[in-house]
Structures are given as structure tokens and as C-alpha cells.
Amino acid sequence: MTKNQQSTRTLIRGALSLLVTAALYEAVARSGWFPAVLLPTIPTIVEALIASLRDGTMIWHAAYTLYRVMFGFALAIVVGLPLGILMARHQRVEHFFLPLISALMPIPSFALVPLFMLWFGIGNVTTILIVFYAATFPMAFNTWSGVRSVNPLWLRAAGAMGADENSLFWKVIIPGASPFIITGMRQAFLRAWIGVVGAEMIAASDWGLGWVIFDAKEFLNADVMLAALVVIGFIGFAFERLVFGTLERRTVQRWGMVRVAKG
Amino acid sequence: MQPIAIRDVSLNYDTPGGKVQGVTNVSIDIDASEFVCIVGPSGCGKSTLLNIIAGFLTPATGQISIGGKPVTGHGMDRGVVFQDFAQLFPWRTALGNVSFGLEMKGVANPERDRIAREQLRLVKLEKFTNSFPHHLSGGMQQRVAIARALAYNPSVLLMDEPFAALDAMTRDDMQRLLADVWKETRKTVIYVTHNVAEAVYLADRVVVMSAHPGTVKTVMKIDLPRPRDPLSVEFLDCQKQLMAHLGHNTNGVAH
Ligand SMILES: Nc1ncnc2c1ncn2[C@@H]1O[C@H](COP(=O)(O)OP(=O)(O)OP(=O)(O)O)[C@@H](O)[C@H]1O
Ligand SMILES: [Mg+2]
């Protein structure tokens, strides 16, 4: 089978599982067991989605959410990546931060939204900080694991070839830890994406996909809610597959450091 | 190419279970451009000694000097090849791996590329310059490792059982290739092996070590003309002699 045929098959399989799920939903929605306002049919949802895309509101909501998530995610990488490396390289940093990370990582970011609202008010600051909180720890934790798992033979070989600390860091440790670093980014983004929608529900005003859902509740607009959910799911999926999938294919998969994912 | 002087080198490992003898009172003199093999039973300290010479370990007593200069830590006068195929950087192509030492040395690009390609040609891998290590066979990966260790032109090449994990047929090819490379480059080589035939095929002199304590038992000169014929009577005779040196207290660990 050629590469192209294989990716077409993967695409068909993915589409099939989505179609079956959608058909089941549609059957339940049309069965009349539930009021149509609460369980709108797929055409109604699509209509709401198209209308909100046409007048640009959904695009703006998505843009706000993406802005917040990217801002917080970038901050999380800028902080989490060096933190993870420092932890792996210096025992004292590890001793200080590891218990802290273990204690803070299990706290759902959503549980911090009210507190952050008290401190920073409603708007971008709170939502971005929630994203930052959600994403930093998985980033740091995975990087820490990755640096510790770098093959000592690579460090030895590099040392024997005259690598100084700087080259060792950029040319051996970072690429050597890259499978974990990419996993860290994936997990961080996932938590950031979940976190931002939650934060926007109560800590955003007027804009954001989370805010749309919460606002639609006031008017019993289940179709708008579901349309926003579709957008949330779609963007999350696109990032996972396109951004991180591509990153992985171009780096660690190409280098044979991880097995090729099927499906 | 530099002579090496190893004087009264000892090293013990501190383990939770107490002190473990690594090597004890090892003294060897190696001439410039000489090919020396170190053989001995498992655990007699061959790798320990090689790691001390490479500068990865600091001996408790004794000194090592290369070309008159005492060894302190690792340096670019030595190239190292390990047994494990995983020594290559998977994120670099064969060419990228071979270029690494040159990069560290500050050699700029048209020149760096040229030298790296030249080294790959030396180990007969010119067709695979742009392959990543995971697309190469074990023998090819070890050849890249040899090219990598030679690229920045160290005077000494240190090798710890580089072909031990290869099948017998590939190993024969690799030994022939290494003999050619050595003939062409005239490096001083210290080569650790378990394999008696390999030692007789490659070495000018074979250092036989014994365990408990890990020390030099005898040194045997191999005076066969090169290229050597592993099926000749003289070759087999040398092999028998070496086996006898080893056999005394190893119960046939060497094969
Ligand atoms: N890192 C270490 N910590 C503790 N003891 C060690 C360590 N490395 C080696 N030793 C011990 O030192 C002795 C010599 O080990 P070394 O690895 O040098 O032997 P070797 O001759 O290379 O053996 P082999 O042929 O199996 O590779 C052995 O008894 C071994 O158990
Ligand atoms: Mg060994």
C-alpha cells in the first residue's frame, strides 16, 4: 500500500466513525423523546453554525479564545520548558519544584477561576492566566522526564567530541529530549484548551467560545451551544492532528525516536 | 599519531555493596600508530581501563599521558567508539553525526562537509550520507560511529567492543574495513574485544588481562604480515597461543 492510499484510508475510517455517531444522534433527536429546543437536529445546529459564521460572530469568538489560549500556551512553554530542564539538571531546583508540581498539577484549572476573578477581574488577564496555569505543569513535568531519559551515551560521545555546555544543551539535550517535549506540548495544549473554555464561561464578557455557550443558556439556545461545541471540538482536533501531528512527523518520527502512529 | 604511556593505573568503584575492583596497577606503553587489543574475561576491567584512557573516569592512582601530555578529562586528541549502536544521534543524518566533532572544533561549512564526506567514503558509506541512523543496519551505524570518531582527526582511537553486537559475517567485513582504515590513517588504536580471532587479526600487540584483581597478565606480540589470513597455519597458531594465555584462569570464557 502506498503512503497516499494509507492516509486516504485513515481519513475514510475517521470520517466513518464521525458519521455513525452523527447518525445515532440524529435518530435520537428526531425520535421525539426530548423537546426539539433541548435536542436540536443536526440541520438546525448546522444552520445556527452557518449563520454565526456568516455574520462573523463565531469567527470572532473563536479568535478571542485562540488569542487567549495561544498567549497562555506560549507563556507556559517559555516558563515550563526551562523549568523542566533546570529541574533535571540541578538537584536543588528539582527538590524545590517537584513537590510543588505534584501538588498543583492535580488541581483543575476551572477550580481556580473564581479566585483569579477576584484577583484580576473579568477578561483576558484571568483567562490567559488560567491557561498558563493549566499548561505550565505538564510542560515542565514532561520536559523534566525527557531530559532525564536522554541517553548518557550521547552525552559521553558529545563530550568526547569536545562539546561545551552550550552545545551539549542545544545540540544534544534538547533534541534528545524532544519526544517528551512534544508530548509535553500536546498535553499542555489539551489542558490549555479545556481550561480556556471553562474560564471563559464565567470570567469572560461578550467574547469567547466558552462565553457563547454560557450566554446561550439564558435564551435556551441549545443549537448555538452545540454549534460552539462543534467549533471547539474542531479547533482542538485540528491542533492535535495538524499542528502537533505534523511537528511529530517532521521531527521525532522522521528520526525514528518514536513509532509511527496508526489511525 | 602519539605514543601513550599508562603508569600504575588503579581504580575502584564505590557501590552500595562495598568496594568493587575496577583495575589494579595497570601499566602499558603503546607506540605511535600501534594497534593494541585488550582481551580478558568478562569483568576484568577492560571497559574501565578504556574509559580512564578516554578521560570519562579519573584513576585513583597512576597517570596516563598521550604524546607526553598527561590526560585530564576527555579531549579531542582521542576519538571514542562504543559497543552500543545507540551512540549515534538519531536526530542527525550520517553526515550530521560525522560533522558533529568538526562543528565543535569550529570548522566552517564547505570544509566541514568535505571532511565529513571524506570520512564516510573511508568507511564506504558515501551513498548513505543523508540517511538517519534508524534507516541504517547495525554494521553501518558502527561504521558511521568510526567515521565520526575519526572526523576531527584525533591521534588516538579508542574502541570498546565496537563489533560485538554484530553477526559473524558482518563482523568479518567490519574487521577488514577497520584494518584498511587503520592502514590509511595510521592512528594509534586501543581496541577492547572478547574475541580472540579478532584480536589476532587486528593487533600489533595483544594485552591479556586477568580478573580479581583486574590487571595485565601478559602482553603478546603478533608478528604476522598484513593483510592477515585467518585460515593460515601461523594465524591459527597465534590464536592457540593467545587462547592458552587466556585459558589459564578463565575456563574458556573467551571464544
Ligand atoms: N559503574 C560501575 N559501578 C560499579 N562497578 C562497576 C561499574 N562498572 C564496572 N564495574 C565493575 O568493575 C569491574 C570491571 O568492569 P568492566 O566493565 O571494566 O569489565 P569488562 O572487562 O569491560 O567486562 P565485559 O567484558 O563484560 O565488558 C567489574 O567487576 C564490574 O562489576
Ligand atoms: Mg566492557
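Chain A is the first sequence line, chain B the second, and so forth, proteins listed ahead of strands; every chain is numbered from 1. On a predicted model such as this, the values are computed, not experimentally measured, just so you know.
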Point to revise | Sorted by number, residues from residues 73-95 of chain A in contact with chain B (heavy atoms, under 4.5 Å) | key: none
Point to revise | Close contacts, residues 134-142 of chain A versus chain B, judged by heavy atoms under 4.5 Å | key: none
Point to revise | Options A:Ala157, A:Gly162, A:Pro175, ranked by heavy-atom pairs under 4.5 Å with chain B, top entry | key: A:Pro175
Point to revise | With A:Phe71 via ring-ring contact (aromatic ring centres under 6.0 Å, His included) - residues at least two apart | key: A:Tyr67
Practice item. Name the option with the most non-hydrogen atom pairs under 4.5 Å to chain A; the candidates are B:Ala86, B:Gly55, B:Gly75. Key: B:Ala86
Check your understanding: Do you know which of B:Ala149, B:Ala151, B:Pro90 has the most heavy-atom pairs under 4.5 Å to chain A?
Key -> B:Pro90
Practice item. Pick one of side chain, backbone, both or neither for B:Leu88, based on which atoms fall under 4.5 Å of a heavy atom in chain A. Key: backbone
**Study point:** Which atoms of B:Ala54 approach chain A - backbone, side chain, both or neither, heavy atom under 4.5 Å
**Key:** neither
Check your understanding: Out of curiosity, A:Leu153 CG to B:Phe85 CZ, how far, rounded to the nearest 0.5 Å?
Key -> 12.0 Å
Revision key, fill the gap. When the 4.5 angstrom heavy-atom criterion is applied to A:Val172 and chain B, the contacting part is both
Would you mind checking chain A against chain B for donor-acceptor pairs under 3.5 Å and listing them?
{"residue": "A:Trp154", "atom": "NE1", "partner": "B:Ala86", "partner atom": "O", "Å": "2.7"}
{"residue": "A:Trp154", "atom": "NE1", "partner": "B:Leu88", "partner atom": "O", "Å": "3.0"}
{"residue": "A:Gly159", "atom": "O", "partner": "B:His74", "partner atom": "ND1", "Å": "3.1"}
{"residue": "A:Ala160", "atom": "O", "partner": "B:Tyr152", "partner atom": "OH", "Å": "3.4"}
{"residue": "A:Lys171", "atom": "O", "partner": "B:Trp91", "partner atom": "NE1", "Å": "3.2"}
{"residue": "A:Lys171", "atom": "NZ", "partner": "B:Glu103", "partner atom": "OE1", "Å": "2.6"}
{"residue": "A:Arg254", "atom": "O", "partner": "B:His134", "partner atom": "NE2", "Å": "2.9"}
{"residue": "A:Gly256", "atom": "N", "partner": "B:His134", "partner atom": "NE2", "Å": "3.4"}

Point to revise | Residue A:Phe169 excluded, over 12 heavy atoms near CZ under 6.0 Å | key: yes
